[in-house]
Amino acid sequence: MNTSDSQPEIVAATPENIARAAQILRDGGLVAFPTETVYGLGAHALDAAAVARIYAAKGRPSYNPLIVHVVSVEGARRVVSNWPNAAQHLAQTFWPGPLTLVLPKNPEVPDEVSAGLATVGVRVPAHAVAQALLEAATIPIAAPSANRFMQLSPTRAVHVARGLSGFDLILDGGATGCGIESSVLDLSQAKPILLRPGAISRPQIEAVIGPIVLAAEASGTESRPAPGMLDRHYSPQTRALRFERRDQAQAFMASHSKRIGALVLETSLQSTLKHEIVLPRDAATYAQNLYEALHQLDAADCDFLLIEMPPNDEAWHGVRDRIRRATQQL
Ligand code: TXA
Ligand code: MG
């Protein structure tokens with residue numbers, strides 16, 4: 001098992017390599033693997049020592065709980081102690097898929113997974129490689145995003161390799177589909193709370209279980225904000241500034257003669273930018289490409305990055321949330 005700082009091996013996600021990865025996980029090692037959202041860094045969820053290695057590799061604080069990945073509703077029911085009707089309806093509608101449900105945890109799940117909380121986050125991923133790995137390993141897999149704490153999430157194997165070390169293997173399954181992390185919904189309290197917006201939107205969830213509350217609106221119900229709600233998160237190394245109106249960005253560029261990179265919607269902002277990425281005005285396509293764009297811009301040797309905010313509507317909620325955490329207001 002590789003617990004040093006050496007680079008993990010990257011291998012194609014063939015059936016043989018998935019079997020090998022499953023064995024590493026069963027033996028207490030760590031494997032990075034693709035899900036439909038971002039790459040995860042997985043460990044045997046019922047092995048406290050293995051889970052502790054995730055925190056070490058990521059430099060993640062111990063108060064930040066992990067999501068447990070399972071292959072089916074039956075698997076989910078084994079890691080929780082209560083399975084309410086709302087969970088059943090949501091699972092039937094959205095699993096496999098990018099929705100994490102937070103529920104009271106089964107005592108078998110080590111405190112390392114839940115960061116000492118009485119609840120556990122659980123989801124069935126929709127990616128074929130993640131599913132094959134869960135099938136082969138026959139264990140629940142605890143997996144946060146496979147990036148160092150506070151840094152950009154990985155949507156490709158190469159992002160994982162560049163950002164993280166001190167674990168065993170990376171299964172390369174190509175670029176992930178959805179591109180931003182799962183929506184996290186807390187079902188353990190009196191009212192369902194959306195702790196983290198993601199690909200499954202608030203209206204989609206409400207169509208199944210009725211009104212839910214946004215974490216921002218639910219202050220006071222929890223002693224500590226959900227770790228995914230940390231203000232700065234998912235950030236590039238380069239100083240990144242977001243803007244809502246192009247005249248704000250133009251004014252900034254006029255007064256800063258430095259090397260500037262930009263991520264904008266639909267049309268170019270300016271021809272003199274050191275590096276510019278233009279993404280379409282379509283929330284799903286944008287989400288799919290967001291982290292790759294930020295990784296590219298971060299590697300482009302700029303002094304500042306300017307990020308154009310997409311429209312303020314439900315379809316863009318998850319994307320706007322990630323951009324807000326990655327940037328400061330211009
Ligand atoms: O799409 C995803 O969710 C990816 C892939 C790998 O599944 N995973 C991911 O994990 O984004 P991570 O660790 O980067 O974010 C998990 C978030 C935490 O920030 C935390 O807010 C929330 O899920 N979470 C997990 N367990 C929780 C719990 N018991 N109570 C409240 N929040 C929890
Ligand atoms: Mg993360």
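Throughout, numbering of the chain's residues begins at 1 and tracks the sequence. Every number for a ligand or one of its atoms is a count from 1 in the order of the listing. Heavy-atom basis, side chains included; hydrogens, waters and symmetry copies ignored. Predicted model only: the values in this text are computed from it and were never measured.
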Next on the checklist: For H159 and H295, take the angle between the two ring planes, folded into 0 to 90°, and tell me which bin it lands in: parallel under 30, tilted 30 to 60, perpendicular over 60.
Outcome noted: parallel

Nitrogen or oxygen atoms of [X] and ligand 1 under 3.5 Å apart:
| X | answer |
| --- | --- |
| Y39 | no |
| E181 | no |
| T35 | no |
| S145 | yes |
| H69 | yes |

Which of the listed options, [options], holds the heavy atom that is closest to [atom]?
| atom | options | result |
| --- | --- | --- |
| atom 33 (C) of ligand 1 | G116, G121, P65 | P65 |
| atom 18 (C) of ligand 1 | N64, N147, I54 | N64 |
| atom 30 (N) of ligand 1 | L117, T100, V38, T176 | L117 |

Give the numbers and elements of all ligand 1 atoms closer than 4.0 Å to a heavy atom of [X].
| X | value |
| --- | --- |
| T119 | 28 (C), 29 (N), 30 (N) |
| L66 | 25 (C), 26 (N) |
| T37 | 1 (O), 2 (C), 4 (C), 5 (C) |
| L195 | 31 (C), 32 (N) |
| I67 | 3 (O), 8 (N), 9 (C), 10 (O), 16 (C), 23 (O) |
| S182 | 1 (O), 2 (C), 3 (O) |

Checklist outcome for this item: Checking heavy atoms under 4.0 Å, the part of H127 that sits near ligand 1 is neither

Item to check | Proximity to ligand 1 by part of K105, non-hydrogen separation under 4.0 Å | outcome: neither

Between [Y] and [X], does any NZ, NE, NH1 or NH2 come within less than 4.0 Å of an OD or OE carboxylate oxygen?
| X | Y | answer |
| --- | --- | --- |
| R322 | E181 | yes |
| D111 | K105 | yes |
| R196 | D321 | no |
| R281 | E308 | no |

Next on the checklist: Ignoring hydrogens and geometry beyond distance, is a side-chain donor-acceptor pair present between Q131 and E135 at under 3.5 Å?
Outcome noted: no

Next on the checklist: Pairing donors with acceptors under 3.5 angstrom, does anything connect the side chains of S182 and T100?
Outcome noted: yes

Next on the checklist: Please determine whether S153 has a backbone or side-chain N, O or S atom lying under 2.8 Å from the Mg ion (ligand 2).
Outcome noted: no

Next on the checklist: Out of the candidates I193, L101, V102, L194, only one should pair with V184 under the side chain to side chain contact (heavy atoms under 4.5 Å, CB included) rule; please name it.
Outcome noted: V102

Checklist outcome for this item: side chain to side chain contact (heavy atoms under 4.5 Å, CB included) test vs I307 passes for just one of L290, L241, I323, I277, namely I323

Item to check | Residue-ligand contact E36/ligand 1, heavy atom below 4.0 Å | outcome: no

Item to check | Minimal non-hydrogen separation, F167 against P8, with atom names | outcome: CZ-CG, 3.4 Å

Checklist entry - Which value, rounded to the nearest 0.5 Å, describes the distance between I18 atom CD1 and L134 atom CG? => result 10.5 Å

